[in-house]
Q: 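I'd like to ask you about the structure that follows.
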Amino acid sequence: MKTLLKGGWLIDPAQKINQKADVLICDGAVEAIVKEDTSAACDDVIDVTGYIVCPGFIDLHVHLREPGLSHKETIYQGSRACAKGGYTTVACMANTNPVVDNVEVLKKLQTIAWRDGIIDIKPIAATTVGLAGQALTDHNALVKAGAIAFSDDGRTTMRDTWMIEALETSKRFGVPIITHSEDHEITDHYQDEVYPIEAEYKIVKRDLALCEQYGGHLHVAHVSGEQTLAYIREAKEQGIHVTCEVTPHHFGLNDEMVNTLSPMSKVNPPIRSPKAQQAVIKALIDGTVDIIATDHAPHEESSKKGTYRQASYGISGIETAFSVGYTSLVDAGYMDLENLIVKMSTRPAEIAGFKDVGALKPGFAANIAVLDIGSRYEIDRMQFVSKGKNTPFHGMKVKGEVVMTFYQGKRVYMRTEA
């Protein structure tokens, strides 16, 4: 079975391709990038004239909630929300119920993903048992079972000993240790108000020092402010193996644009000042920030009502990430589209060590996003595929939209034309 994506503008940073070209797909893989018309030799020709064609997006930080929390999200709906956002590979965090802290639960997650998912779903395992920070999980067994990283996301691994052991695991297996970066000794005092950036940069400073001393690969999740980025920038200059991510809500919003004490805006770490937002954007531009990750955190409606203290942390962000990124970064003049694709596809694949995605090289999986950068629309949370409709982006006017998503050559999402 041969399929041709014909007439599009191909952007593949890994191959330094930024030109009009067709993509020939055979049996789920990229067969070739072609400039001449090969339509006659294909079983299916899909006209993508006027659109951008690029490698499918990769997110190293999502919460798909299963097993155990299907009232918030299911892998069935969550994977379809990912596909709508142009994502073909995502890595899901371990804070499910039960926690992904042993091989049995990890295999249960994999079974649900294989059965219900329409994209590639990779498991991240817990660093400590129950995310409680009291005992290490069996890192060796979890890596062998398919864990692509370790994280106690939602809780920071506060005990130095366990972070050292995690970094030793990273050295042994070449997997990143993803740190939540929240000093709970500080944040536990902030129940009815936004906690300060100090809680983030103090624990990041500790983790960077441990990484410098013991080695391994430290990946700092959802960085939100200037001082944290300064520490990471300095660590990179010193040769410490650290990478980091930022989210669309931290570069696309600030506390003058939304009420940070509104339950819909409650996220961890908080949406911060315009100065912090600009620091995040600057770090994206200068390369201090490696990737964009959504921290997609869907919740049922009831958990986002009531007081700030009562509301759950999190934003359902996988479906709006490209549009917010294109609007806030590319259309705003901070970076070009090619660099945005690097942050959303090429570089995440490199960080995670994924071998056949993040580029459209012959033999690689035909995981592809087709983008309409001329599209303008208003974000409507009630149109989300995800079960979680929780977003502070509701009503925001954006530019740039995913038209189609292909996973292993199969079209798993197509925009409905009005």
Side-chain angles (χ1 to χ4, degrees), residues 60-73 75 78 90-110 112-113 121-143 145-170 173 175-188 190-191 195 199-200 202-204 206-207 210 216-222 245 247 266-269 293-299 303 311-315:
L60 300 184
H61 189 156
V62 303
H63 301 268
L64 294 185
R65 304 303 189 193
E66 284 194 295
L69 300 171
S70 58
H71 59 292
K72 295 179 181 290
E73 185 73 291
I75 284 175
V90 299
C92 50
M93 287 294 177
N95 58 339
T96 50
N97 184 21
V99 172
V100 184
D101 59 6
N102 62 72
V103 170
E104 182 181 0
V105 178
L106 186 142
K107 287 187 177 298
K108 183 176 182 180
L109 167 61
Q110 290 172 326
I112 299 170
I121 297 168
K122 307 284 192 183
I124 297 171
T127 306
T128 65
V129 176
L131 311 179
Q134 300 301 312
L136 283 177
T137 56
D138 187 340
H139 292 183
N140 291 3
L142 286 162
V143 169
I148 61 103
F150 288 90
S151 181
D152 276 353
D153 188 61
R155 295 291 299 178
T156 298
T157 308
M158 295 294 293
R159 187 170 170 178
D160 290 8
T161 305
W162 298 150
M163 276 302 297
I164 292 167
E165 290 292 337
L167 290 167
E168 292 291 346
T169 294
S170 175
F173 294 106
V175 296
I177 305 302
I178 304 175
T179 176
H180 176 69
S181 302
E182 175 192 349
D183 188 334
H184 300 295
E185 293 180 2
I186 296 174
T187 61
D188 285 350
Y190 292 83
Q191 299 297 320
Y195 68 77
E200 179 179 280
K202 280 194 169 183
I203 206 72
V204 169
R206 179 207 70 169
D207 289 339
L210 292 175
H217 176 187
L218 178 70
H219 181 78
V220 185
H222 44 49
E245 69 190 41
T247 71
K266 184 180 179 182
V267 66
N268 192 359
T294 66
D295 192 10
H296 173 65
H299 288 290
S303 75
S312 299
Y313 286 105
I315 289 168

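Computed from a prediction, not measured in an experiment: that's the story for all the values here. Reckoned from all heavy atoms, side chains included, excluding hydrogens, waters and symmetry mates.
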Q: Would a distance-only check, ignoring hydrogens and angles, find a side-chain to backbone donor-acceptor pair under 3.5 Å from Lys122 to Ile148?
A: no

Q: Is there side-chain contact between Ser303 and Lys72, with at least one heavy-atom pair below 4.5 Å?
A: yes

Q: For Thr156 and His180, indicate whether the former's side chain and the latter's backbone hold a donor-acceptor pair under 3.5 Å.
A: no

Q: Where do Ser181 and Val220 come nearest, in terms of heavy atoms and distance?
A: OG-CG1, 3.4 Å

Q: Check whether Thr137 reaches the backbone of Val129 with its side chain - one donor and one acceptor, N or O, closer than 3.5 Å.
A: no

Q: Val99 and Ala126: which non-hydrogen atoms are nearest, and at how many Å?
A: CG1-CB, 3.8 Å

Q: Please round to the nearest 0.5 Å and tell me the distance separating atom CG of Leu136 and atom CH2 of Trp162.
A: 4.5 Å

Q: Looking at Val103, Leu109, Asn102, which hits side chain to side chain contact (heavy atoms under 4.5 Å, CB included) with Val105?
A: Asn102

Q: Using atom types as modelled and distance alone, determine if a side-chain donor or acceptor of Asp101 lies under 3.5 Å from a backbone N or O of Gly130.
A: yes

Q: Testing the basics here: between Ile177 and Ala166, what is the closest heavy-atom pair and its distance to 0.1 Å?
A: CD1-O, 3.2 Å

Q: Going by the angle between their ring planes, with limits at 30° and 60°, are His219 and His217 parallel, tilted or perpendicular?
A: perpendicular

Q: Would you call the rings of His222 and His61 parallel, tilted or perpendicular if under 30° counts as parallel and over 60° as perpendicular?
A: tilted

Q: Between Asp152 and Thr128, is there a side-chain donor-acceptor contact under 3.5 Å, judged purely by atom types and distance?
A: yes

Q: Check whether any side-chain N or O of Ser170 sits under 3.5 Å from a backbone N or O of Gly216 as a donor-acceptor pair, and report yes or no.
A: no

Q: Are the side chain of Arg159 and the backbone N or O of Ala135 linked by a donor-acceptor pair below 3.5 Å?
A: no

Q: Could you state the interatomic distance from CG (Leu60) to CD (Glu245), rounded to the nearest 0.5 Å?
A: 7.0 Å

Q: Does any part of the side chain of Leu218, heavy atoms only, come nearer than 4.5 Å to the side chain of Thr179, both counted from C-beta?
A: yes

Q: Work out which heavy atom in Gly146 is nearest to a heavy atom in Pro123; give both atom names and the distance.
A: O-CG, 3.5 Å

Q: Atom CE in Met163, atom CD in Glu168: separation rounded to 0.5 Å?
A: 11.5 Å

Q: Any side-chain donor paired with an acceptor under 3.5 Å for His296 and Glu73?
A: yes

Q: Can a donor-acceptor pair be found, under 3.5 Å and without considering hydrogens, that links the side chain of His184 to the backbone of Arg155?
A: no

Q: Could you check Asp295 against His63 for side-chain contact (heavy atoms from CB on, under 4.5 Å), going step by step and ending with a plain yes or no?
A: CA-CA 7 Å; Asp295 192 10; His63 301 268; 3.0 Å; yes

Q: Take Leu142 and Leu106, measure what side-chain contact (heavy atoms from CB on, under 4.5 Å) needs, and give me the verdict at the end.
A: CA-CA 8 Å; Leu142 286 162; Leu106 186 142; 3.9 Å; yes

Q: Let me confirm one number: the CD1-OG1 distance from Ile315 to Thr247, rounded to the nearest 0.5 Å.
A: 7.0 Å

Q: Is the shortest heavy-atom distance from the side chain of Phe150 to the side chain of Val175 under 4.5 Å?
A: yes

Q: What is the distance from atom CD of Glu165 to atom OG1 of Thr169, rounded to the nearest 0.5 Å?
A: 7.0 Å

Q: Ignoring hydrogens and angles, tell me if any N or O in the side chain of His139 forms a donor-acceptor pair with the backbone of Thr127 under 3.5 Å.
A: yes

Q: Could you grab the distance from atom CG of Leu69 to atom CG of Asn95, nearest 0.5 Å is fine?
A: 8.0 Å

Q: I need the minimum non-hydrogen distance between Arg206 and Met158, along with the two atoms involved.
A: NH1-O, 2.6 Å

Q: Do Ile121 and Ile75 have side chains that approach each other closer than 4.5 Å (heavy atoms only, starting at C-beta)?
A: yes

Q: If you compare all heavy atoms of Thr96 against all heavy atoms of Pro67, which two are closest, and at what distance to 0.1 Å?
A: CB-O, 3.3 Å

Q: Ignoring hydrogens and angles, tell me if any N or O in the side chain of Gln110 forms a donor-acceptor pair with the backbone of Ala145 under 3.5 Å.
A: yes

